[in-house]
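For reference, the structure discussed in these notes is given below.
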Amino acid sequence: MAAVSTHVWPPIAPSVGSGPPPRLADYEAARAGFRWEDARRELAGLPGHHGLNIADEALDRHVREGRGHRRAILAVGRHGETSGVTYAQLAAHTSRFANVLRGLGVAPGERVFSLMGRQPALFIAALGTLKATSVFCPLFSAFGPEPVRDRLVLGNGRVLVTTPALYRRKVEPVRDQLPELEHVLLVGGDPGSAHSVPGGIDLAEAMDAAGEEFAIPPTDPDTPALLHFTSGTTGRPKGAVHAHEAVVVHRATAQWVLDLGADDVFWCTADPGWVTGMSYGVIAPLTLGATVVTDARDYDALRWYSLLQDQGVTVWYTAPTALRMLMRAGEELPRRYDLSALRHIASVGEPLNPEVVVWGRDVLGLPVHDNWWQTETGAIMVANYRCAEVRPGSMGRPVPGIETAVLERGEDGRAQVGPDGHVRILTEPGLVGELALRRGWPSMFRGYLHDEQRYAASFADGWYLTGDLVRVDGQGYHWFVGRADDVIKSAGHLVGPFEVETALMEHPAVAEAGVIGKPDPVAGEVVKAFVTVRDGFTADEALREELLAFARRRLGAVAPKEVDFDQHLPHTRSGKVMRRLLRARELGLEEGDTSTLEPPA
Ligand code: ATP
Ligand code: MG
């Protein structure tokens with residue numbers, strides 16, 4: 001039996017936005033009658049349509065339908081200055097970019113890499129590549145030279161779009177180990193300086209010389225479009241390949257879950273080097289004609305609040321670690337800002353502690369909507385909706401068209417196919433098992449790069465196995481228990497680290513926590529917690545004793561036996577606590593792949 005929180009959170013009432021109030025009945029109805037086939041046909045059947053091409057959906061369609069003058073990007077520069085790009089401008093720029101690729105002989109299906117921060121040029125490279133039906137692979141601009149090299153080598157990168165500064169710092173040191181890299185398209189920098197880079201091309205010059213007309217080739221919905229590397233939370237990052245028809249799910253989920261429309265100003269804090277930053281930071285909001293905010297600056301609580309206020313952000317998509325950072329900055333700070341334009345906040349990437357949801361409601365006056373998905377799923381799969389009751393601590397319910405199941409696990413902790421060739425579905429509410437998705441939704445990944453075996457092993461009996469453990473309650477709400485790799489077995493209890501972290505976070509001194517299992521001769525494993533304390537509290541022996549007692553009261557037998565203080569918990573660059581690293585360090589083991597580790601501030 002899994003440890004189940006004894007703390008009952010009050011449900012949050014459905015919220016009502018600026019448009020007609022969404023209704024739960026709409027969700028239920030949508031789920032009941034929904035088929036991806038119809039959604040595909042709806043897009044593919046539009047006049048002037050070229051099969052199903054992401055860039056066509058995101059840009060050219062708006063121009064054809066008379067919305068080209070609307071603002072697609074609102075870019076905030078290094079010094080807080082803003083500039084805008086319209087849909088028509090972006091459509092033209094991306095056509096030029098596609099022509100540049102054609103001029104270089106980049107073939108359809110060939111991979112184009114980018115190494116760039118959040119800026120309009122990244123939108124141009126991404127959507128221009130998709131127009132040319134080549135495959136776009138964004139790398140995280142904060143990667144060091146080795147992770148950049150590894151990914152370029154793994155993906156046989158021949159074309160890279162980057163800035164001169166990033167090139168110097170991240171590519172030049174490993175340039176001699178990249179024999180396949182032929183063209184380096186440089187964004188910004190002095191004209192003429194591109195010649196000092198082997199294979200260097202000044203992108204601005206090349207785009208000026210290229211034509212503004214580009215006819216998107218008819219694109220089969222199954223054409224590969226994107227290559228995304230996973231976060232590397234549990235091991236070496238894997239490259240997941242997605243097809244153009246993923247846009248069907250991007251668009252639908254942006255509507256249902258993010259509640260986006262053409263009048264929204266949307267800000268997604270995820271770096272475009274991760275799947276969230278591309279699917280929802282670039283593609284999804286554009287398919288709905290919204291305005292996307294990009295900000296080139298580093299983040300802190302002050303900047304975030306002022307950006308939300310100054311740009312009139314209406315929908316904000318971020319991650320639990322960011323929200324925890326805002327909580328840490330105190331309750332007084334947000335009162336200095338006018339956040340009245342903001343309708344709701346969505347969160348993804350890690351378990352969202354119920355504390356944060358309650359803080360959002362009480363301090364910001366806003367609903368925080370947790371949702372769940374993975375690089376592999378390509379788009380949001382399970383979510384809390386603006387039209388439905390939010391159960392703090394729950395990831396919500398499957399989006400229309402997505403069927404989930406909780407599967408019984410075998411000895412190794414993962415779902416297994418029985419002798420009859422089938423997996424066993426746990427139908428009784430509350431039982432913990434591996435979350436599985438019925439295969440075949442349009443944004444489902446089509447392969448792991450160069451790893452067919454692993455891809456095949458991700459499916460069983462018609463289900464995609466997620467590697468995450470959940471329980472589902474009687475109303476279909478999904479509750480995250482942990483990653484199959486992270487779950488702790490202590491004295492006959494199955495302990496999800498999230499459960500323990502959440503209980504600790506209910507203590508006012510705790511800003512963040514990371515929980516691991518430590519081998520123990522008696523219990524099998526004991527629970528150990530690493531805790532970051534909030535500003536204004538002292539990490540001392542008295543607090544340690546207090547936290548241990550506090551956790552014991554909340555969690556009983558599965559409470560941590562040890563608490564250590566750590567003001568710099570290791571995070572992936574996509575913002576997840578890296579428990580495997582905490583564990584390796586605690587046990588003196590090899591640290592494994594740390595390419596996605598965020599360096600301590
Ligand atoms: P890797 O697969 O390389 O170990 P990763 O799984 O962290 O890294 P991503 O695809 O970026 O790579 O993240 C997906 C995972 O993030 C999910 O499988 C889940 O464990 C976690 N996750 C995402 N959203 C949520 C959420 N709302 N609640 C809990 N966990 C979440
Ligand atoms: Mg994963």
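No experiment lies behind these values; they were computed from the predicted model shown. As the structure lists them, so they are numbered: ligands from 1, and atoms in each ligand from 1.
Annotation: atom 17 (C) of ligand 1 to nearest protein heavy atom, D468 OD2, 3.1 Å. Ranking protein heavy atoms by distance to atom 4 (O) of ligand 1, first place goes to T234 OG1, 2.3 Å. Closest protein heavy atom to atom 7 (O) of ligand 1: T233 OG1, 2.4 Å. Counting only heavy atoms of the protein, atom 6 (O) of ligand 1 lies nearest to R483 NH1, 3.0 Å.
Of the polar atoms of M395, none of the N or O atoms is found under 3.5 Å from an N or O of ligand 1, judged by distance alone. Looking at ligand 1, you'll find an N or O of K576 within less than 3.5 Å of one of its N or O atoms. Considering backbone and side-chain N/O atoms, R236 never comes within less than 3.5 Å of an N/O atom of ligand 1.
Taking each of P237, G349, S394, P320 in turn, the one with a heavy atom nearest to atom 23 (C) of ligand 1 proves to be G349. Within the set T375, T596, V470, T377, the minimum heavy-atom distance to atom 9 (P) of ligand 1 is found for T375. If you check each of G575, A270, S231, P351 against atom 12 (O) of ligand 1, the one with the closest non-hydrogen atom is S231.
Within the structure, ligand 1 lacks W274 among the residues with a heavy atom less than 4.0 angstrom away. Not a single heavy atom of S574 sits closer than 4.0 Å to an atom of ligand 1. Distances from ligand 1 to the non-hydrogen atoms of D370 include at least one value under 4.0 Å.
Under the 6.0 Å distance and 45° angle rule, R391 counts as a cation-pi partner of Y477. Annotation: cation-pi geometry satisfied between R151 and F229 (NZ/CZ under 6.0 angstrom from ring centroid, within 45° of ring axis). Cation-pi geometry between R439 and F459 is satisfied (NZ or CZ under 6.0 Å from the ring centre, within 45° of the ring normal).
When only modelled atom types and interatomic distance are considered, W441 and S443 share a side-chain donor-acceptor pair under 3.5 Å. Neither side chain, Q453 nor Y448, offers a donor N or O lying under 3.5 Å from an acceptor on the other. In this structure, a donor-acceptor pair under 3.5 Å is absent between the side chains of H228 and H242. There is a side-chain donor-acceptor pair under 3.5 Å between T253 and Y280. A side-chain donor-acceptor contact under 3.5 Å links S595 and D593. In this structure, a donor-acceptor pair under 3.5 Å is present between the side chains of S574 and T572.
Counting heavy atoms under 4.0 Å from ligand 1, residue N371 touches it through the backbone alone. Residue contacts with ligand 1 for F498 are absent, since no atom lies close enough (heavy atoms, distance under 4.0 Å).
If you number the atoms of ligand 1 from 1 as listed, the ones under 4.0 Å from a heavy atom of E350 come out as 22 (N), 23 (C), 24 (N), 25 (C), 26 (C), 27 (N), 28 (N), 29 (C), 30 (N), 31 (C). Residue contact check: K238 has heavy atoms under 4.0 Å from atoms 1 (P), 2 (O), 3 (O) of ligand 1.
Contact detail for Y385 and P398: the closest heavy-atom pair is OH-O, 3.1 Å.
In this structure, the separation between CZ on R446 and CG on L227 is 14.0 Å, given to the nearest 0.5 Å.
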